[in-house]
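A short worksheet on the structure shown next.
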Amino acid sequence: MYEMIIKNYINNLTKNDITYFALKNDISLTDQELDFVYKTIKKNYKVLLSPDYESIFNEAKNYLSHDSYIKIYNLFLEYKAKYNNFLI
């Protein structure tokens, strides 16, 4: 059941949703960073929710500023811990 809810959310996710969430969490993304985050979430959300999520973050280092990377990674870990029981 949770898998369908997550899949539906990802299918409806927009760049504006990401921008709003980022700004709400004191993360300012460039257009290139926003494109990378958006495409990564859309194509690799199952990997992000799996134990192999580090592979995505290793790649992200090449596309995000150091500050954005650290903030996004820490925010990811916070939410992953908070909602771990609901993840795939």
Side-chain angles (χ1 to χ4, degrees):
M1 178 171 123
Y2 294 123
E3 185 174 348
M4 286 300 287
I5 293 170
I6 293 169
K7 183 177 180 179
N8 188 47
Y9 181 81
I10 296 299
N11 286 338
N12 292 309
L13 187 69
T14 67
K15 287 183 180 180
N16 285 337
D17 295 329
I18 294 169
T19 300
Y20 174 75
F21 185 77
L23 290 173
K24 190 170 108 176
N25 287 282
D26 194 34
I27 302 169
S28 181
L29 298 172
T30 66
D31 289 341
Q32 293 81 9
E33 289 174 325
L34 176 60
D35 286 341
F36 172 78
V37 170
Y38 177 76
K39 289 176 185 174
T40 300
I41 292 171
K42 287 288 207 175
K43 292 180 182 179
N44 298 307
Y45 77 91
K46 287 184 179 182
V47 176
L48 283 167
L49 300 177
S50 77
D52 287 338
Y53 66 87
E54 286 287 346
S55 64
I56 299 296
F57 281 96
N58 285 335
E59 181 183 354
K61 289 178 184 178
N62 299 317
Y63 297 94
L64 302 173
S65 70
H66 179 73
D67 188 46
S68 292
Y69 174 84
I70 294 298
K71 288 179 180 181
I72 291 170
Y73 185 69
N74 288 333
L75 191 60
F76 172 82
L77 292 177
E78 177 184 330
Y79 275 85
K80 186 167 177 61
K82 186 174 182 178
Y83 295 106
N84 196 42
N85 294 334
F86 302 104
L87 302 178
I88 300 170

Check your understanding: Nearest 0.5 Å, what's the CD1-CD1 distance between Ile18 and Ile72?
Key -> 9.5 Å
Review point. CG of Leu49 to CD of Glu3: how many Å apart, nearest 0.5 Å?
Key: 9.5 Å
Exercise for review: Sequence neighbours left out, what pairs pass salt bridge (Lys or Arg N to Asp or Glu O under 4.0 Å) with at least one residue falling in residues 54-73?
Suggested key: Asp26-Lys71, Asp67-Lys71
Review point. Is there a path from Phe57 to Leu77 through hydrophobic residues (I, L, V, M, F, W, Y) whose side chains come within less than 4.5 Å of each other?
Key: yes
Point to revise | Verify same cluster id: Leu23, Ile70 (apolar side-chain graph, 4.5 Å) | key: no
Check your understanding: side chain to side chain contact (heavy atoms under 4.5 Å, CB included) with Thr19: which of Leu34, Val37, Ile27?
Key -> Leu34
Revision key, fill the gap. Residues 5-15 vs side-chain hydrogen bond (donor to acceptor under 3.5 Å, both in side chains), sequence neighbours excluded, gives Asn8-Asn12, Thr14-Asp17, Lys15-Asp35
Exercise for review: Not counting sequence neighbours, which residues clear side-chain hydrogen bond (donor to acceptor under 3.5 Å, both in side chains) with Ser65? List them please.
Suggested key: Glu33, Ser68
Review point. Among all residues two or more places apart in sequence or in another chain, which pass the side chain to side chain contact (heavy atoms under 4.5 Å, CB included) test with Ile10?
Key: Ile6, Ile41, Lys42, Tyr45
Point to revise | Set of residues satisfying side chain to side chain contact (heavy atoms under 4.5 Å, CB included) with respect to Phe21, sequence neighbours excluded | key: Asn25, Leu75, Tyr79
Practice item. Name the orientation class of the two ring planes belonging to Phe76 and Tyr73 (parallel below 30°, tilted from 30 to 60°, perpendicular beyond 60°). Key: parallel
Point to revise | For Phe36, all residues meeting ring-ring contact (aromatic ring centres under 6.0 Å, His included), sequence neighbours excluded | key: Tyr63
**Study point:** Tyr53 to Leu48 - nearest heavy-atom pair and separation
**Key:** CB-O, 3.4 Å
